[in-house]
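Counting starts at 1 for both ligands and their atoms, in listed order. Remember, predicted model here, so these are calculated numbers, not experimental data.
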Amino acid sequence: SENGSGGGRSGALSAPPPVLEEAVQKIDVNPPKGTRDFPPEEMRLRNWLFHNFREVSRLYGFEEVDFPVLESEALFIRKAGEEIRDQLYCFEDRGNRRVALRPELTPSLARLVIQKGKSVPLPLKWFAVGQCWRYERMTRGRRREHYQWNMDIIGVPEVTAEAELISSIVTFFKRIGITASDVGFKVSSRKVLQEVLKCYSISENLFGKVCIIIDKIEKIPIDEIKKELKSVGMSEEAVEELLQVLSIKSLTKLEEILGGAGEAVADLKQLFSLAENFGYSEWIQFDASVVRGLAYYTGIVFEGFDREGKLRAICGGGRYDRLLSTFGGDDLPACGFGFGDAVIVELLKEKGLLPELSLQVENIVCALDPDLQGAASTVATILREKGQTVDLVLENKPLKWVFKRAGRINAQRLILVGNTEWQKGMVGVKILSSGEQYEVKLDELE
Ligand SMILES: Nc1ccc(Br)nc1
């Protein structure tokens, strides 16, 4: 490139480099609080994880979708007192619009389904892998972003949809070496809660709030739970009965309490029966205390947990039949799950299942003389056009440096472009694992 002195490249007389306009400020090279960089090694693990997310989604016939990470704040304003609302990463943009970095993907999916309307035949089986955000006071030093894999089925009211979704997660776990001894799913239905609240003639509009309180059952003291339930208008008796029902861990017991006529028991029975057919019965258990922390769930809910109880929920999901209609769309049945990229990596570390993912390159190509850099570029291109990976040495470096780099990038072979060989239309090849070396005609290089 020109050196900016108004002429071609000049020698020793070239003008001194221009003085920088302002003093260089040393910037903070760390990413913003609560966020992560993905340098090569971490990026290989992330790509491996996402590749497995996508492969399972493909196996189940789902189509990939995506949405903006920035959404209208209105998409996430729900009044049930969810943590996701309290920690919304929201702000006013330069057009004075209230916007938010999405805390989850489901509302965006619902928005797109409504936007597409009748133009997309049901059922829809869509999946997405997207970064989600929260703004939490850094007191707890927790992350502010994570990537979530979501799979959603829109337009299927039957429990077959939830059974299919759980099957897809079991398939994912099996692919990465996680077994039913490592992980299980707690499964319940919010209809259990609904039926108890109805017995105590507690109004429907308390449902979401009660769910959000119950979801904290293992996170805050039980007296606090009772206090919050009473604060939304539940009687002492209703609270005691509700907590009693939520402690049930067997479907038979649940049926004794609720009777066999309700939808909750029927749905759960069907789900457990389908689990037999899918072959994942050993992975799931009924646990009435599972409600999940999102207000919009209306039916079956489930969450993946590590059986050693060391980690937070690995994934979670459920049926949300009312969400689309709350956005002004048709009353479409829907269910889905979210699977974060953080807890699963902690689990894989715990289990010694992190994959070995080193950089691999088939060839490192090097010109033995600066005049042969063009020839080396030709050789690299020929190999790349054959689909071979090539690290082309771009500078005039000593062979010692080239061998060191070859080791660092795990190159399988070294292609040396030297004058003597090039004159004969040949290059030198060195197999780095065995040390074997030979010359080969360029058009026979493969
Ligand atoms: N919803 C949400 C977003 C970001 C993180 Br980190 N955790 C939860």
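- Within ligand 1, counting atoms from 1 as listed, the ones closer than 4.0 Å to a heavy atom of Arg143 are 6 (Br).
- Near Glu145, meaning under 4.0 Å from any of its heavy atoms, are these atoms of ligand 1: 6 (Br).
- Taking the six-membered ring for Trp and thresholds of 30 and 60 degrees, Trp283 and Phe173 have nearly parallel ring planes, at less than 30 degrees apart.
- Aromatic ring orientation, Phe185 versus Phe302: perpendicular (interplanar angle above 60°, classes split at 30° and 60°).
- In this structure, the protein non-hydrogen atom closest to atom 7 (N) of ligand 1 is Arg134 NH1, 3.4 Å.
- Some N or O of Pro103 is nearer than 3.5 Å to an N or O of ligand 1, by distance alone.
- At least one side-chain heavy atom of Leu324 sits under 4.5 Å from a side-chain heavy atom of Ile114.
- None of Arg85, Arg78, Arg134, Arg292 except one satisfies the salt bridge (charged side-chain N to carboxylate O under 4.0 Å, His left out) rule with Glu104; the exception is Arg78.
- Of all protein heavy atoms, the one lying nearest to atom 4 (C) of ligand 1 is Cys132 O, 3.5 Å.
- Test Phe337, Tyr280, Trp149 against Phe172 for ring-ring contact (aromatic ring centres under 6.0 Å, His included) and you get one pass: Trp149.
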